Every structure is written in C-alpha cells, then in structure tokens.
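Worksheet: one structure, shown below.
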Amino acid sequence: MTSASDGLPPLREVIRQHGLVARKSLGQNFLFDLNLTARIARAAGPLTGVTVYEVGPGPGGLTRALLALGAARVIVVERDERAIAALQDISALYPDRLDIIAADALGFDPQTRVRGGPVRIVANLPYNVATALLINWLSIEPWPPWFDSAVLMFQREVAERIVAASGSKIYGRLSVLAQWRCEARILFDVNASAFVPPPNVTSSVIRLVPHPEPMPCDRRLLETVTQAAFGQRRKMLRQSLRSLGADTAALLDTAGLDPTARAEDISIGGFVALARALAAARNPGA
Ligand code: SAM
C-alpha cells in the first residue's frame, strides 16, 4: 500500500474518521491501494480536459486518482450519505473540480452536470446494480452516447459474459448488446484480497469504447430477438424463435441464418439481421 501523494489521509484513516463501515446492501467493497486505483484511472487514457463520471466513489480512492491524474472535473454520484463528508474533504483540495451528487445512480443523468469536453465513465461499480447500470448506458438513444469510453470494474464472471464471443457457453444477451454498440475488452483482473472487505470472487476491469456507427437496427427489436433466442438457448432457432409470433422459417431465411443453429452460434451480425427481418415482417410497407 502506498501513502497518498495528494496529502490527504490514507483511505483506512478516511474510513475510520467517517465511520464508513462497509455495508453489503450497498455493494461496498473498497479499494485502499492507491497504486491500484491509479492503474484503473490510467486505463481511461489521458484525462486532461476530460470530465469523468464516477458511480459509487465511496471513500474516494479512485476519485483521488482521477483528480491527481489531471481530470478537468469528476462528477461523482454516491448513495451512501456517510461517504459524502469524506468526498467533501477531497473537494476542498481540488476546488471546482469535484461535483458530488448524493443520489441513486440508477435514476441519475450525468448529462445535466456536464459543462463540455469529452466525458468518460470510470467506476468500481457496486455489484448489486452493476449490470443494470451497464444496460442503461448501452441503451442510450440516440447512439453514440454522451461518453467516449467506460472503464468499469465488474465481477470477473460478468466481465467474461460482456466480452464473450459467439460459440462460447457464456455468450448471451449482454454480450450481444455490449458488442453491438461497443468494442469491449477485459484489461486486467483484480484479486479479491485488494478489497476491504474482500468479496467472494475475482474482479475484472473492462474498457468499453462506443462504436460510432453500430450495424443499423432497432435496439428494442435486437433485444426482442436475443431474449427469444437465449431464453431457450439449448433449442434450435426454428423452435426458440416461435415466441416472436412471426413466420419463423421466413425470418431465418431473410436473415440468412440456419434454422437448426442455436443462439450461441449466432454472431452479432446474425442477430442484427434477425432484428431487421423482424422489423420488416412486422411492418412490411416500411
Ligand atoms: N469507488 C470506491 C472504491 O473503489 O473503493 C467504492 C466502490 S464500492 C464497490 C461501490 C460504491 O457504490 C459504494 O460506495 C456504494 O455506497 C455505492 N453505491 C451502491 N449503490 C449505489 C447506487 N445505486 N448509486 C450510487 N452509488 C451506489
């Protein structure tokens, strides 16, 4: 563990001062190692002129790294009132560069606080809402979204599902949505022992970079077809897609897909073709 170069107390001391005993209900597993928080912050690339949006700063280890690395502003949203005082101590050291919002990130739109320049999401996400937050960010309309990259810590099992390729047992709806809209890559793993308290699983930091122009299709229809296909992932598509209420054979033919294939065999492009075929079947005149 390194001592802080910003003159602020070590994170263990911050936790003690503010009575920030970790709460499982808030997905609180804190990082105390400032080398590690700096490594995560560096993964977001040069931060000069950049606004960073951080969900769940907690005692502020990652926040401090982002500010020390030169982020023009860091907008943090934190649900735990106990952490707000700790964050205010950081704000005093970096006047006008830390915007602290006490709220639930699931209902907060950071665009209301951005003053211009590129925006990047960097977060050690609370595991209980991590996937929901990611799906919200991947579902932004219109696309490309307001962020130009996202560096996020997930449980490794979730990170592997996000980046999984077709043909893999863990390839699923989340893989299709994430990779349709973003380039997604696992950067490095973080051992459970790096957190206080240590979670039961290894974590991974991933980076998502939005595709400026994903293959064109309606996102909701893409979700409809992946839900049907992966909802019965052991079945052949000619069976699993019946729930769509369209002529399954015609849909698969239009999309150029093998009716005997299973969901996990279908590439992102294949699902896009299927969503487009469904759009045409439901709205033949368009
Ligand atoms: N960033 C800190 C670090 O790396 O040590 C803390 C990360 S901890 C895994 C997750 C943080 O998210 C906690 O501080 C928790 O209070 C906060 N949190 C949990 N649910 C939240 C929500 N819905 N909205 C905003 N923050 C939330």
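In each ligand, atom 1 is the first atom listed, and ligand 1 is the first ligand listed. Position 1 is the first residue of the sequence; numbering continues from there. Model, not experiment: these values are computed from the prediction.
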Determine, using heavy atoms of Ala103 and all atoms of ligand 1, whether some pair is separated by less than 4.0 Å.
-> yes

Does at least one non-hydrogen atom of Pro57 fall below 4.0 angstrom from an atom of ligand 1?
-> yes

In terms of atom number and element, which parts of ligand 1 are under 4.0 angstrom from non-hydrogen atoms of Phe30?
-> 5 (O), 6 (C), 14 (O)

So is Ala83 close enough to ligand 1, meaning a heavy atom under 4.0 angstrom away?
-> no

Will you find, in the side chains of Thr63 and Glu54, an N or O donor that is under 3.5 Å from an N or O acceptor?
-> yes

Does ligand 1 have a heavy atom under 4.0 Å from the side chain of Thr37, from its backbone, from both, or from neither?
-> neither

Taking only heavy atoms of Val77, which atoms of ligand 1 are found under 4.0 Å from at least one of them?
-> 25 (C), 26 (N)

Are any of the heavy atoms in Leu125 under 4.0 Å away from ligand 1?
-> yes

Where on Ala105 is there a heavy atom closer than 4.0 Å to ligand 1, on the side chain, on the backbone, on both, or on neither?
-> both

Proximal ligand 1 atoms for Gly58, defined as those under 4.0 Å from one of its heavy atoms | 14 (O)

Which is it for Leu106 and ligand 1 at heavy atoms under 4.0 Å: side chain, backbone, both or neither?
-> neither

Sub-4.0 Å heavy-atom approach of Asn29 to ligand 1 = yes

Ligand 1 contacted by Arg23 (non-hydrogen, < 4.0 Å) | no

Selection from Arg82, Gln28, Met153 by shortest heavy-atom distance to atom 13 (C) of ligand 1 | Gln28

